[in-house]
Amino acid sequence: MEHLQRILIFGNGGTGKTWLARKIADILKRPTIHLDDVRWVPGQYGVARDNQLVFNEVVEAGKAESWLMEGVYGWLANAVLHRVTTLIWIDLPEEDCVANVTARGIQAAGSEESLQELIEWVRGYRQRENSSTCYSSHKKLFDAHANSKVILKNRGEINGYVEHIRRSKL
């Protein structure tokens with residue numbers, strides 16, 4: 001179980017990072033850090049907090065003995081990558097991510113316009129460059145991690161991984 005001490009889940013928007021984090025946290029009784037909650041001003045999703053402040057908070061949280069973090073931000077993942085014991089990359093096809101975002105609908109005092117912007121952003125995951133939230137940056141992050149790592153490419157693999165952790169806990 002040592003490899004499950006500090007888990008980082010990352011991937012495109014709409015992959016189910018938060019869902020997976022909740023499932024694993026319930027099994028392992030692990031505190032969870034949602035990087036969106038750290039990144040954005042509370043109650044004002046889309047209004048970014050100061051980058052250095054956010055980075056420092058993630059570094060500090062990463063010093064704990066055990067945790068589970070999830071998010072899309074590669075630059076924040078890099079702040080704790082050296083502490084991660086298991087890295088999980090959810091890499092679903094963009095059409096699945098868009099369907100998930102669409103089904104989730106408008107969130108956190110958002111608007112129809114902000115939802116459409118998010119959908120377009122999710123659609124551009126593999127085409128975006130020079131961003132810590134794009135496919136190429138996530139691949140570099142995954143490739144650079146020397147400890148336990150897993151890539152999940154569909155809902156069956158995601159559900160199977162949850163069951164694997166549940167069985168490991170017994």
Side-chain angles (χ1 to χ4, degrees), residues 3-4 6-24 32-40 45-62 67-104 107-108 110 113-162 164:
H3 71 285
L4 297 175
R6 292 175 300 279
I7 301 168
L8 175 64
I9 302 169
F10 71 103
N12 193 10
T15 57
K17 298 177 298 294
T18 301
W19 180 90
L20 181 59
R22 286 185 182 132
K23 292 291 186 185
I24 294 172
T32 304
I33 299 139
H34 303 282
L35 294 177
D36 272 343
D37 293 345
V38 180
R39 176 68 178 132
W40 306 109
Y45 184 80
V47 179
R49 295 174 64 226
D50 177 76
N51 285 351
Q52 191 61 57
L53 177 68
V54 170
F55 186 86
N56 292 346
E57 286 179 8
V58 171
V59 167
E60 194 58 37
W67 42 260
L68 195 157
M69 283 188 198
E70 63 86 12
V72 68
Y73 313 102
W75 65 282
L76 292 175
N78 276 316
V80 294
L81 193 60
H82 67 285
R83 299 267 303 140
V84 171
T85 56
T86 293
L87 185 67
I88 302 170
W89 181 13
I90 306 177
D91 182 26
L92 299 182
E94 283 78 355
E95 56 269 14
D96 291 357
C97 298
V98 167
N100 293 335
V101 168
T102 302
R104 197 167 62 197
Q107 293 186 310
E113 181 182 344
S114 64
L115 176 60
Q116 291 309 312
E117 288 171 2
L118 176 60
I119 288 170
E120 288 308 309
W121 182 82
V122 165
R123 248 189 208 114
Y125 180 62
R126 290 178 205 281
Q127 289 77 41
R128 259 192 319 278
E129 293 294 331
N130 301 320
S131 167
S132 74
T133 62
C134 68
Y135 176 85
S136 62
S137 289
H138 286 172
K139 183 168 183 352
K140 287 177 191 168
L141 185 76
F142 187 79
D143 290 347
H145 187 63
N147 291 329
S148 174
K149 58 187 172 183
V150 108
I151 187 166
L152 304 172
K153 293 191 167 275
N154 60 55
R155 289 282 162 231
E157 290 180 4
I158 294 167
N159 289 326
Y161 192 74
V162 169
H164 167 74

Do [X] and [Y] make a side-chain contact, defined as non-hydrogen atoms from C-beta onward lying under 4.5 Å apart?
X    : Y    : value
T32  : T18  : no
N147 : V84  : no
I158 : L92  : yes
M69  : L76  : no
V58  : I33  : no
N100 : R155 : yes
I90  : E70  : no
N12  : Y135 : no

Qualifying residues under ring-ring contact (aromatic ring centres under 6.0 Å, His included), relative to H3, sequence neighbours excluded: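 In terms of ring-ring contact (aromatic ring centres under 6.0 Å, His included), with neighbours along the sequence ignored, H3 is linked to no residue.
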
Over 60° means perpendicular and under 30° means parallel, so tell me whether Y73 and W75 are parallel, tilted or perpendicular.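 Because their plane-to-plane angle is over 60°, the rings of Y73 and W75 count as perpendicular.
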
For W89 and F10, take the angle between the two ring planes, folded into 0 to 90°, and tell me which bin it lands in: parallel under 30, tilted 30 to 60, perpendicular over 60.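 If you compare the ring of W89 with that of F10, the planes turn out parallel.
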
Quick one: do the N56 and E60 side chains pair a donor with an acceptor below 3.5 Å? no

Should the heavy atoms of other residues, nucleotides or ligands under 6.0 Å from [atom1] of [X] be counted, would the total exceed 12?
X    : atom1 : value
K23  : NZ    : no
E113 : CD    : no
N130 : CG    : no

D143 and side-chain hydrogen bond (donor to acceptor under 3.5 Å, both in side chains): which single residue from K140, H145, K139 fits? K139

Does [X] use its side chain to pair, donor to acceptor, with the backbone of [Y] at less than 3.5 Å?
X    : Y    : value
D96  : N154 : no
S137 : C134 : no
R6   : G62  : no

Donor-acceptor pairs under 3.5 angstrom involving side-chain atoms of residues 116-123: please list them, not counting sequence neighbours.
residue : atom : partner : partner atom : Å
Q116    : NE2  : E112    : OE2          : 2.8
E120    : OE2  : R123    : NH1          : 2.6

Is any side-chain N of the basic residue among R126 and D91 closer than 4.0 Å to the acidic one's carboxylate O? yes

dist L20:CG -> I9:CD1 (nearest 0.5 Å) comes out at 4.0 Å

